[in-house]
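The shown structure was predicted, so the numbers you read here are calculated from the model rather than taken from an experiment. Residue numbers start at 1 and run along the sequence shown.
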Amino acid sequence: MNWEVFEGLLSGVNKYSTAFGRVWLSLVFIFRLLVYLVAAERVWSDDHKDFDCNTRQPGCTNVCFDHFFPVSHIRLWALQLILVTCPSLLVIMHVAYREAREQRLRETKGDNYRCIYPNPSKKRGGLWWTYLLSLIFKAGVDVVFLYIFFRFYRNYTLPRVVKCELLPCPNVVDCFISRPTEKNIFTLFMVVTTCICVVLNLIEATYLIGKRCHECLQAGGGDSRR
């Protein structure tokens, strides 16, 4: 996958994000995407090759590996990163739609046209809802993947030895996972950074709602004084 193109698209999100959103984006790229690209892929590159069981029964090792690793950590993290960053692209597309609409009106009606969006990137109206829903969706995606990892890998950790008695294994066999300590460290690191990202999304959503409520109260107070 071309992660450089992916990063280039998301770099424009900084222009339309709050301070919390910029911290979230930096956390995603520095502590999740870069760790994924530089280290995590290499750590899991030998997960199937070095998954050894103390039997030579054909098919036993493959069946046991599929049972204990139903979905690779790497593929789950890749899918998670894609889903968690796509809502930010929707914000960019919404701003681009506003700018294109302003440009069309300027070309058709000249300089005397009525400006619909004085500041297309300002979070008002539909853009405010798009941004808020993107925060909720990102937090929801991270929570769902945390649950998926917990269901597949209890306590987000891998044991050194697992016992397997699935067919075609002749009996209960011991299977040994490659570099479980190193994999557990990376897994816990990704889990912690995901939790921090969820908290940042919720804080930013609370900030946006609180700011909008404050503006509405100020506007209502000004109308009542008049």
Side-chain angles (χ1 to χ4, degrees), residues 1-11 23-86 88 138-201:
M1 179 175 182
N2 194 338
W3 290 105
E4 293 182 359
V5 175
F6 196 56
E7 181 180 359
L9 289 173
L10 287 176
S11 62
V23 173
W24 175 87
L25 192 61
S26 300
L27 190 66
V28 168
F29 278 115
I30 297 174
F31 292 103
R32 293 176 69 176
L33 182 58
L34 289 182
V35 169
Y36 173 89
L37 293 175
V38 174
E41 280 190 313
R42 297 181 181 179
V43 171
W44 266 268
S45 62
D46 61 350
D47 54 352
H48 188 270
K49 180 181 66 176
D50 293 339
F51 182 83
D52 294 328
C53 297
N54 58 353
T55 179
R56 293 189 177 182
Q57 176 68 30
C60 179
T61 300
N62 288 335
V63 170
C64 293
F65 180 83
D66 182 68
H67 177 72
F68 291 106
F69 293 91
V71 183
S72 171
H73 287 68
I74 293 300
R75 291 179 177 85
L76 276 176
W77 280 330
L79 181 61
Q80 181 182 5
L81 287 171
I82 292 172
L83 292 178
V84 85
T85 48
C86 280
S88 298
K138 288 186 289 188
V141 167
D142 277 336
V143 170
V144 168
F145 273 88
L146 285 174
Y147 176 75
I148 291 174
F149 273 104
F150 181 79
R151 288 299 303 269
F152 286 165
Y153 311 104
R154 290 292 180 182
N155 299 323
Y156 305 107
T157 57
L158 298 174
R160 285 177 168 48
V161 182
V162 293
K163 295 186 178 298
C164 179
E165 53 182 340
L166 301 173
L167 291 176
C169 299
N171 47 39
V172 179
V173 298
D174 293 331
C175 296
F176 304 89
I177 298 174
S178 171
R179 295 188 288 180
T181 302
E182 188 176 10
K183 292 177 180 178
N184 287 336
I185 291 173
F186 277 102
T187 300
L188 292 176
F189 178 84
M190 297 294 278
V191 168
V192 170
T193 53
T194 299
C195 292
I196 296 174
C197 287
V198 172
V199 172
L200 285 174
N201 284 326

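The side chain to side chain contact (heavy atoms under 4.5 Å, CB included) test with Phe189 is passed by exactly one of Val192, Thr193, Thr187: Thr193.
Residues satisfying the ring pair (Phe, Tyr, Trp, His ring centres under 6.0 Å) test with Tyr156, not counting sequence neighbours, are Phe150. Applying the salt bridge (Lys or Arg N to Asp or Glu O under 4.0 Å) rule to Glu182 yields the partners Arg179; only residues at least two apart in sequence or on another chain are considered. Legend: residues meeting ring pair (Phe, Tyr, Trp, His ring centres under 6.0 Å) with Phe31, ordered by chain and number and at least two apart, are absent.
Around the CZ atom of Arg154, the shell of radius 6.0 Å holds more than 12 heavy atoms that belong to other residues, nucleotides or ligands. Within a 6.0 Å sphere centred on CD of Gln57, other residues, nucleotides and ligands contribute more than 12 heavy atoms.
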| said: Is there a ring-ring contact (aromatic ring centres under 6.0 Å, His included) between His73 and Phe149? Walk through the geometry before answering. | reply: CA-CA 8 Å; His73 287 68; Phe149 273 104; 5.7 Å; yes
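Ring planes of Phe51 and Phe65: perpendicular class, angle over 60° (limits at 30 and 60°).
When atom types are taken as modelled, the side chain of Asn201 and the backbone of Cys197 share a donor-acceptor pair closer than 3.5 angstrom.
Cys pair Cys64/Cys164: SG-SG separation is below 2.5 Å.
Side-chain contact check for Arg32 and Tyr36: no donor-acceptor pair (N or O, by modelled atom type) lies under 3.5 Å.
When all heavy atoms of Asn54 and Val173 are compared, the pair lying nearest together is OD1-CB, 3.3 Å.
Side-chain atoms of Asn171 and Glu165, non-hydrogen and from C-beta on, never get closer than 4.5 Å to each other.
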